[in-house]
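The block underneath contains the structure these notes are about, expressed in structure tokens.
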Amino acid sequence: MNTKPQKILVTGGCGFIGSNFVRYWLEHHSNDHVVVYDKLTYAGRRENLQDLWSNPRLTFVQGDIADQATVREACVGHQINLIVNFAAETHVDQSILGPLVFTDTNVRGTHVLLEVARELGLRLHHISTDEVYGHIAAGHQSAETDPLAPRSPYAASKAAADQLVQAYFITYGLPVTITRGANNVGPYQHPEKAVPLFATNALRGEALPVYGDGLQQRDYAHVLDHCTGIETVLLRGQPGEVYNVGTGEEMTNLEMVNIVLRELGGDPGLVRHVQDRPGHDRRYSMNVNRLRALGWTPQYHPRDAVAHAARWYAQNRWWWEPIREGTFREYYERQYGQRLAERSS
Ligand code: NAD
Ligand code: DAU
């Protein structure tokens with residue numbers, strides 16, 4: 001699609017969405033080079049791109065986005081002209097257990113990328129989330145111009161990053177764009193997140209811990225639709241603008257759980273309603289007309305996206321079984337041990 005070859009620094013490219021984006025981009029932009037810049041936290045895995053490391057158009061640099069010298073060196077050394085920032089601490093539950101690292105990476109890290117982009121004259125595209133809008137009352141869909149009202153440490157750190165990105169456009173004229181994604185599902189999502197957790201628990205015959213009544217509403221969007229949304233903004237987006245990326249349709253968490261169980265032939269008796277997440281946002285919903293006006297259309301209905309994701313976990317035990325054996329066990333015990341012991345229904 002692009003005629004001028006790009007050298008893209010994809011931060012967080014070993015995570016869930018970043019790795020799907022790198023795979024998509026290399027396949028559809030045959031002149032471009034991608035440099036994955038990733039700290040490899042518990043959420044980052046080189047095996048997410050194991051089929052691609054021999055590609056001469058893909059390079060890996062291990063580093064922290066909050067480390068200015070290393071980011072600068074990677075950009076200069078690889079003659080980068082575009083940064084796409086996926087790197088973040090991303091899980092709301094983890095942000096409740098240990099919030100400070102969310103500020104270090106999501107706020108300071110994004111700020112460092114902006115500074116390097118400003119010094120070297122680079123374009124920066126920032127990946128944000130529907131969570132910055134906070135709980136959305138029934139009947140409303142968030143527009144990009146709505147005020148930000150984040151309610152978890154994760155969401156607050158992402159909102160702060162968005163505001164820094166917009167400030168750099170206003171103050172310095174830096175060519176920036178932002179996309180705000182809905183709840184993504186698909187291959188390579190860490191099993192701490194709801195759909196992979198429920199799918200892998202169902203496959204192991206273990207309880208599915210649904211927070212509260214399970215009637216919270218989310219737009220479960222397929223990660224590939226997110227990737228094409230970002231691509232659309234990179235090719236046709238306006239500098240300084242924000243674009244929502246989702247399907248515009250929500251379902252309850254219980255509906256999502258039922259799709260997972262149906263798809264995997266799991267026992268509905270495995271569902272447990274457990275103590276709710278503190279400050280749990282009841283509903284997210286976004287209007288995606290601004291992105292549709294650029295010619296983008298999502299290919300997956302949320303029902304199909306969830307079913308497709310569940311099947312992937314059934315077919316790719318090699319990927320998630322080792323993750324669930326490691327430090328994940330301690331996290332699982334801390335997050336769910338008491339919850340599951342307290343309540344079983
Ligand atoms: P993820 O947790 O799967 O991956 C995050 C990646 O960032 C990992 O590879 C990790 O090693 C890397 N990373 C973390 N801290 C870093 C640091 N300081 N320096 C360099 N690398 C670092 O996350 P994801 O679900 O793929 O999310 C990617 C982006 O999309 C995030 O910005 C997130 O806020 C946003 N987002 C996610 C969703 C979703 O549903 N997953 C929806 C909307 C927006
Ligand atoms: O909305 C976009 C956001 O989606 C992204 O910005 C985040 O990076 C991404 O992680 C995701 O947010 P959460 O961290 O809230 O996703 P999670 O999969 O944990 O939760 C989805 C819903 O499922 C939410 O309403 C909480 C619920 N849930 C989650 C878990 C882990 C449960 O009911 N039980 C669970 O055990």
Side-chain angles (χ1 to χ4, degrees), residues 8-13 15-18 21 37-39 41 43-44 63-68 70-72 74-75 82-92 94-96 98-120 122-134 142-184 226 229-230 233-234 237-246 279 281 284 286:
I8 310 174
L9 191 80
V10 177
T11 65
F16 162 47
I17 307 174
F21 177 82
Y37 183 96
D38 200 299
K39 185 178 175 182
T41 67
D64 186 334
I65 57 166
D67 175 351
Q68 189 166 353
T70 311
V71 173
R72 190 183 185 285
C75 289
L82 163 67
I83 299 175
V84 182
N85 180 31
F86 292 91
E89 290 292 337
T90 59
H91 195 200
V92 172
Q94 300 274 11
S95 84
I96 295 167
L100 269 180
V101 68
F102 283 72
T103 304
D104 297 341
T105 288
N106 300 2
V107 185
R108 189 166 189 285
T110 303
H111 201 167
V112 164
L113 295 178
L114 287 163
E115 270 298 284
V116 173
R118 179 166 82 93
E119 182 197 344
L120 301 177
L122 312 179
R123 178 177 175 187
L124 184 141
H125 178 75
H126 178 68
I127 312 298
S128 183
T129 168
D130 59 4
E131 299 211 7
V132 298
Y133 298 117
S142 308
E144 290 84 349
T145 46
D146 282 359
L148 305 188
R151 289 159 32 92
S152 71
Y154 163 70
S157 70
K158 294 295 289 185
D162 282 20
Q163 294 193 315
L164 279 166
V165 174
Q166 287 178 304
Y168 268 61
F169 175 73
I170 294 162
T171 308
Y172 303 112
L174 193 74
V176 295
T177 38
I178 296 176
T179 42
R180 295 193 177 130
N183 268 81
N184 277 213
H226 194 178
I230 296 165
V233 172
L234 289 176
Q238 284 297 314
E241 280 297 3
V242 178
Y243 297 86
N244 292 338
V245 193
D281 286 332
Y284 298 139
M286 289 190 297

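Annotation: side chain of F102 is in contact with side chain of Q94 (closest heavy-atom distance under 4.5 Å). The shortest side-chain heavy-atom distance between Y133 and N244 falls under the 4.5 Å cut-off. In this structure, the side chains of N85 and I127 stay at 4.5 Å or more apart for every pair of heavy atoms. Looking at heavy atoms from C-beta onward, M286 lies out of side-chain contact with Y243 at the 4.5 angstrom threshold. Between V176 and I178 the shortest side-chain heavy-atom distance does not fall below 4.5 Å. By the 4.5 Å heavy-atom criterion applied to side chains, Q68 and V116 are counted as neighbours. Contact of the F86 side chain with the I230 side chain is registered, since non-hydrogen atoms from C-beta on lie closer than 4.5 Å. Contact annotation: the side chain of V112 never approaches that of I65 to less than 4.5 Å [non-hydrogen atoms, C-beta and beyond].
Checked against a 6.0 Å centroid threshold, the rings of H111 and Y168 count as neighbours.
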Check your understanding: Do L164 and T110 pass the side-chain contact (heavy atoms from CB on, under 4.5 Å) test, and can you show the C-alpha distance, the side-chain angles, and the key distance before you say yes or no?
Key -> CA-CA 8 Å; L164 279 166; T110 303; 5.5 Å; no
Check your understanding: Hey, mind stepping through C75 and I83 against side-chain contact (heavy atoms from CB on, under 4.5 Å) and telling me if it holds?
Key -> CA-CA 9 Å; C75 289; I83 299 175; 4.1 Å; yes
Review point. Does the pair T70 and D64 meet the rule for a side-chain contact (heavy atoms from CB on, under 4.5 Å), with working shown?
Key: CA-CA 8 Å; T70 311; D64 186 334; over 6 Å; no
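Taking CG of L122 as the start and CG of L9 as the end, the distance is 9.0 Å to the nearest 0.5 Å. For the atom pair OG1 of T179 and NE2 of H226, the computed distance is 4.5 Å after rounding to the nearest 0.5 Å. One distance of note links NE2 of H125 with CG of L82; it measures 9.0 Å at 0.5 Å rounding. In this structure, CD1 in I170 is found 9.5 Å from CD in Q163, a value given to the nearest 0.5 Å.
The two residues G15 and D38 make their nearest non-hydrogen contact at N-OD2, 3.9 Å. Taking all atoms of both residues into account, the shortest heavy-atom contact from T90 to A88 is CG2-O, 3.6 Å. In this structure, L174 and F169 approach most closely via the heavy-atom pair O-CD1, 3.3 Å.
Within the structure, salt bridge (charged side-chain N to carboxylate O under 4.0 Å, His left out) pairs that include any residue of residues 167-182 comprise D162-R180 (at least two apart or interchain).
Look at E131 and K158 and you find no salt bridge, because none of the NZ, NE, NH1 or NH2 atoms lies under 4.0 Å from a carboxylate O.
Heavy atoms from other residues, nucleotides or ligands lying under 6.0 Å from CZ of R118 number more than 12.
A donor-acceptor pair is defined here as one N or O able to donate and one able to accept, closer than 3.5 Å; such a pair exists between the side chain of N184 and the backbone of A182. Remark: side-chain polar atoms of T177 are not paired, donor with acceptor, to backbone N or O of P239 under 3.5 angstrom. Counting only distance, with no hydrogens or angles, the side chain of R123 and the backbone of L234 share a donor-acceptor pair below 3.5 Å.
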Name every donor-acceptor pair, under 3.5 Å, that has one atom in a side chain of residues 145-154 and the other anywhere in the protein, sequence neighbours excluded.
| residue | atom | partner | partner atom | Å |
| --- | --- | --- | --- | --- |
| D146 | OD2 | H140 | NE2 | 2.8 |
| D146 | OD2 | A143 | N | 3.1 |
| R151 | NE | D281 | OD1 | 2.4 |
| R151 | NH2 | G279 | O | 3.2 |
| R151 | NH2 | D281 | OD1 | 3.3 |
| S152 | OG | Y154 | N | 3.4 |
| S152 | OG | A155 | N | 3.0 |

